[in-house]
Amino acid sequence: MSFGESVEKAFTTMTSTRKIGDLQRDIQEPRPNDPLTTDHGVKVSDTDNWLRITDGRHNGPSLLEDQIGREKIHRFDHERIPERVVHARGAGAHGYFKVFDDRASKYTFAPVLTDSSRTTPVFTRFSTVQGSRGSADTVRDVRGFATKFYTEEGNWDIVGNDIPVFFIQDAIKFPDFVHAVKPEPHNEVPQGQTAHNNFWDFVGLQPESAHMVMWAMSDRGVPRSFRMMQGFGVNTFTLLNASGERHFVKFHFIPELGVHSLVWDEALKIGGQDPDFHRKDLNEAIENGAYPKWKFAIQTISQSKEHDFEFDILDATKIWPQELVPLEEIGELVLNRVVDEFFPETEQVAFCTSHVVPGIGFSDDPLLQGRNFSYFDTQLPINRPVCPVLSHNRDGKSRHRIVKSDVNYWPNRKNEGRPVPPEEGGYVEYAQRLDGIKKRARGEKFQEHFNQPQLFYNSLAAYEKSHLVNAICFELSHCEDPVVYKSYIDILNNIDFDLAKAVAIKVNGEVPTKPGRPNHGEKSKGLSQLDFLPKEPTIVSRRIAILITDGFNAVEMQAVRAALTSAKAVCYVIGPRRNYIRPMSGQDFGRGVFADHHFEGQRSTLFDAIYIPSGEEHAKTLAKSGRVVHWVREAFGHLKPIAAVGEGVDFLRNVVRLPGVDLFVPSHSHDSNEVVTSYGVITTGKYGISSAVTDALQIAPDTRGFASNFAFQISQHRCYKRESDGLSDQVAF
């Protein structure tokens with residue numbers, strides 16, 4: 001025995017107590033190759049596949065008789081009391097849904113998708129997945145995007161995410177995945193992130209996760225706002241039309257504002273500076289009348305074409321490429337009211353994939369089949385349908401309904417709670433023919449895991465690929481076990497050789513010498529965030545920080561602010577104190593302009609752009625503030641638009657010193673309204689009432705006015721060329 005082992009044994013002996021000894025009766029220490037059993041001691045032969053009907057090539061429905069699958073899901077559903085196991089941290093809002101016309105009637109008879117005279121109330125809840133209720137909003141994670149439609153035929157729930165695929169193919173693996181992604185069981189670390197051994201160990205041994213990992217490690221994992229995320233139903237559902245014809249369907253929500261993300265350094269900092277950033281952002285937009293909107297689109301495949309693709313359309317780890325299955329926009333989702341009280345609305349809302357209405361049904365998607373079993377919850381007020389409800393269910397936790405009847409079963413002598421025939425609106429399942437055997441297995445096409453991760457990676461812009469590489473390197477650098485981070489290089493090498501090499505070099509993995517499999521080189525529409533820029537550039541709800549100190553040019557500032565707010569941007573004045581800030585001499589603004597926040601109370605991370613007005617005294621004061629200098633350098637490093645006028649430009653040139661950026665240069669004075677735009681930095685010599693008159697705000701490229709140029713740069717979200725040309729790397733922030 002070594003000296004270290006002797007010390008450890010002695011310490012253990014000294015610290016042991018009768019209680020420690022008592023607890024030993026309940027301690028189980030699994031050893032390699034110990035068999036897996038049920039909670040009742042029966043050895044489990046297959047914990048990866050739900051028992052289902054299969055013909056050996058294609059998946060059929062999962063079977064309720066699978067006692068192993070039911071135990072695994074049932075126990076998992078009850079692991080957190082009272083907090084949700086996943087999606088614990090959320091934010092929600094009320095709104096409405098409308099279809100444009102009856103174009104979807106060729107697929108479904110569901111009025112919610114075909115009747116344009118209807119306005120359907122909705123409640124939407126956004127959430128992170130991994131963290132607890134007290135975790136931060138801006139962690140790298142998948143976001144839940146779940147919507148409850150209160151239709152006249154009953155509640156319809158789309159229980160989706162902001163990413164169209166998932167980590168697993170079969171619902172029986174859901175507990176394994178969540179256990180792996182959650183904080184590690186021995187120390188409850190880390191909170192709200194996947195950068196740890198267990199997650200990467202699991203996905204490294206589960207190649208079906210490769211596609212989802214690529215999405216989560218991309219910019220999609222750190223969204224700028226819930227309002228700037230796509231939403232996806234993830235699973236394959238079915239639609240049934242009036243003629244009895246069935247189509248498979250995928251559901252999509254496409255944000256009006258485009259799909260935008262934070263940069264990683266910014267996301268990390270906001271997590272500490274304002275962990276409720278996304279919650280506040282949602283409420284701020286609604287309360288300012290900038291209602292979040294999404295186009296609602298569907299992809300459909302007729303039942304006769306189910307097997308016409310190289311992938312299985314029921315595989316939740318696969319997308320349906322738009323080149324093969326186009327999107328059809330059929331409606332719009334709008335959120336226009338914040339909740340009155342968080343807990344009984346946002347916290348107690350419960351979504352269930354099995355909540356569908358006539359005309360919408362299920363497929364044999366093996367992930368969906370298990371989700372339908374798993375998601376039932378209580379009918380609290382926020383979950384209550386707006387249509388009449390009557391069932392024979394009674395008693396139980398959280399029951400509020402009082403039924404004045406002496407029968408609670410069917411059939412009964414009073415004919416109460418009678419089943420409803422299909423012709424009267426009763427839900428009816430599609431009469432699907434089945435031919436197969438009962439077996440734990442997956443279809444042939446479920447065995448291919450790398451074509452679509454390649455498709456996703458190939459479709460990204462150069463800067464998106466760079467961000468994805470850096471994200472994986474960050475995550476794997478937090479894995480201490482070499483087996484974990486070295487093994488995942490093998491997964492990456494089956495996606496892209498250069499990707500695997502770039503990651504291996506940074507994380508000390510085995511640098512591959514040849515591809516695991518060739519990259520097919522194909523791309524697809526709708527995978528890069530650049531594919532979703534709004535058709536008309538907009539700055540609606542964008543947060544702009546105006547940095548001022550005593551002696552600033554208030555006339556100019558008010559003119560610029562008025563121009564930006566006319567386009568529904570939200571401007572905040574940031575000063576040395578939250579109080580009145582005195583303008584430059586000769587300007588009559590009473591006590592001055594009131595600052596919304598002070599420099600130490602906010603950070604550049606919480607805003608989309610920065611504007612620095614002119615004013616000699618003001619600029620000299622800014623130059624003496626290291627915090628303000630950091631504000632601007634940090635915004636530059638995070639690729640945000642920066643605008644300055646007059647002496648504000650001198651402050652950028654002489655104090656902040658932005659590398660490689662062309663700034664306005666006065667010939668003799670600042671008395672010029674020439675506008676210089678360089679790498680998202682907009683500068684000019686002066687701006688006032690006369691400038692504002694000629695600078696009617698136009699959010700478009702190649703506009704001449706200062707405010708219009710600034711607005712266009714804001715509408716582009718970030719200046720990624722600043723990053724690709726290496727300028728942001730030269731600034732300490």
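Every value quoted in this text rests on a predicted model; they were computed, and no experiment measured them.
- Not one N or O on the side chain of H355 forms a donor-acceptor pair closer than 3.5 Å with the backbone of N155.
- Although no hydrogens or angles enter the test, the distance criterion places a donor-acceptor pair under 3.5 Å between the side chain of E464 and the main chain of A461.
- Under the rule for a salt bridge (charged side-chain N to carboxylate O under 4.0 Å, His left out), R246 has no partner lying at least two apart in sequence or in another chain.
- When the ring-ring contact (aromatic ring centres under 6.0 Å, His included) test is applied to F248, no partner is found at least two apart in sequence or on another chain.
- The residues E152 and R118 are annotated as salt-bridged, a charged nitrogen and a carboxylate oxygen being separated by less than 4.0 angstrom.
- In this structure, W264 has its ring center under 6.0 Å from that of F474.
- The salt bridge (charged side-chain N to carboxylate O under 4.0 Å, His left out) search around D170 returns R52, not counting sequence neighbours.
- In this model, no donor atom of one side chain and acceptor atom of the other lie less than 3.5 Å apart for K98 and S116.
- Looking only at distances, no side-chain donor or acceptor of T128 sits under 3.5 Å from a matching main-chain atom of D137.
- Residues satisfying the salt bridge (charged side-chain N to carboxylate O under 4.0 Å, His left out) criterion with D55, sequence neighbours excluded, are absent altogether.
- Ring geometry for F226 against H278 counts as tilted: the plane angle lies between 30° and 60°, on a 0 to 90° scale.
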Throw together a table of side-chain donor-acceptor distances under 3.5 angstrom for residues 249-263, partners on residues two or more places apart or in other chains.
{"residue": "K250", "atom": "NZ", "partner": "V234", "partner atom": "O", "Å": "2.7"}
{"residue": "H252", "atom": "NE2", "partner": "Q299", "partner atom": "OE1", "Å": "2.8"}
{"residue": "H260", "atom": "NE2", "partner": "L257", "partner atom": "O", "Å": "3.1"}
{"residue": "S261", "atom": "OG", "partner": "D219", "partner atom": "O", "Å": "2.6"}
{"residue": "S261", "atom": "OG", "partner": "Q529", "partner atom": "OE1", "Å": "3.0"}
{"residue": "S261", "atom": "OG", "partner": "Q529", "partner atom": "NE2", "Å": "3.3"}

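- With hydrogens and angles left out, the side-chain atoms of Q447 and R442 include no donor and acceptor closer than 3.5 Å.
- Among residues two or more places apart in sequence or in another chain, the ring-ring contact (aromatic ring centres under 6.0 Å, His included) test is passed with W294 by F126, F145.
- Relative orientation of the H58 and H307 rings is parallel, given thresholds of 30° and 60° on the angle between their planes.
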